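In what follows, a structure is listed as structure tokens, so that the remarks can point back to it.
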Amino acid sequence: MSTADGAAAMSAADGTARERVSIKVTGPQAVLAKLAGQCRMEAGVKRGLTGVIYGLGDGKLEIVSEGKRVGKFVEWVEGYLKVECAKDSCTLATVEAKGMGATQALHTAQFPLINVNTAASKVTVRMTGDRQTLDYTLRHCKIEAGFNRKLDWTGTITSDTELLLSVSGPAAGLKSFVRWCKRGPPMQRPDSVSIDWADAPKATETMNAAYTDEGVGA
């Protein structure tokens, strides 16, 4: 198994800093399916992280994870691949860490698996901010969702501090739109963004304090 050089930089995430990480893995489909199935427990429950999993097809998987213990989760993924994969049959292709600062979590602890090759999916995006920023963002959504990505969408400012978007279309286009939502439009950006995929499971396990050996209770 080969690992990107950036993996070593994840040690800083073991402290109090919150990070957002993209982990791209290649390998046999059976191994990736098992990995995806364990992410909600290993990342969401044990380590208190939030995120989403993108099935990229052709033996490729991308796990987006965010929170304070992403470094521990990266270590777990590396260990999983060493055990489950035959020699050199799996690759941890990239690990990109980006500081989240004071921003809220973008995703939930459910870690839904989104197949980007599916013809249609749906996502709900909630943004908060002042009314001027939300009006500005809504105007840009018309371009980014409707014109640039040809997605079906509706946007409603539900209060002076919240914008609610309902967006549907090809999963690959939704993934791209979610990425745009992370950045926000130029000049003015919402205070917080949260994503709810229609594919996400609704059941929730609570984090167990017994997982101190995984760095959760430290």
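Note that the coordinates shown come from a computational prediction; the quantities given were computed from them, not determined experimentally.
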Q) Under 4.5 Å between any side-chain heavy atoms of Arg40 and Gln110, yes or no? A) yes
Q) side-chain contact (heavy atoms from CB on, under 4.5 Å) with Thr154: which residues, sequence neighbours excluded? A) Ser166
Q.
Taking side chain to side chain contact (heavy atoms under 4.5 Å, CB included) as the criterion, tell me which of Thr133, Thr137, Asp135 meets it with Gln188.
A. Thr133
Q.
I need the minimum non-hydrogen distance between Ile114 and Ala171, along with the two atoms involved.
A. CG2-CB, 4.2 Å
(Q) I'd like to know if the side chain of Glu62 pairs up with that of Ser22 as donor and acceptor (distance under 3.5 Å, no hydrogens or angles considered). (A) yes
Q. If you measure from OG on Ser121 to CG on Leu174, what distance do you get to the nearest 0.5 Å?
A. 6.0 Å
Q) Does the cation-pi check pass for Lys175 over Tyr54, that is, NZ or CZ under 6.0 Å from the six-membered ring centre and within 45° of its axis? A) yes
**Q.** Residues which pass salt bridge (Lys or Arg N to Asp or Glu O under 4.0 Å) with Asp160, listed by chain and number, not counting sequence neighbours
**A.** Arg131
Q) What residues form a salt bridge (Lys or Arg N to Asp or Glu O under 4.0 Å) with Lys60, not counting sequence neighbours? A) none
Q: List for me each residue that meets side-chain contact (heavy atoms from CB on, under 4.5 Å) alongside Gln38, sequence neighbours excluded, and say none if there are none.
A: Lys34, Glu42, Trp76, Tyr80
Q: Ignoring hydrogens and angles, tell me if any N or O in the side chain of Ser159 forms a donor-acceptor pair with the backbone of Thr161 under 3.5 Å.
A: yes
Q. With distance as the sole criterion, is a donor-acceptor pair present between the side chains of Glu162 and Thr128 under 3.5 Å?
A. no
Q.
Tell me every residue that passes salt bridge (Lys or Arg N to Asp or Glu O under 4.0 Å) with Arg149, counting only those two or more places apart in sequence or in another chain.
A. Glu144
Q. Which hydrophobic side chains are connected to Tyr136, either touching it within the sub-4.5 Å cutoff or through other members that do?
A. Met187
Q.
Restricting to non-hydrogen atoms, name the atom on Leu151 and the atom on Pro170 that form the minimum distance, rounded to 0.1 Å.
A. CD2-CD, 4.1 Å
Q | Sole candidate of Ile195, Val193, Leu164 that passes side chain to side chain contact (heavy atoms under 4.5 Å, CB included) when paired with Arg126 | A | Leu164
Q. Counting only N and O atoms by type, is there a donor-acceptor contact under 3.5 Å from the side chain of Ser89 to the main-chain atoms of Cys85?
A. no
(Q) Is the shortest side-chain heavy-atom distance between Val31 and Cys90 below 4.5 Å? (A) yes
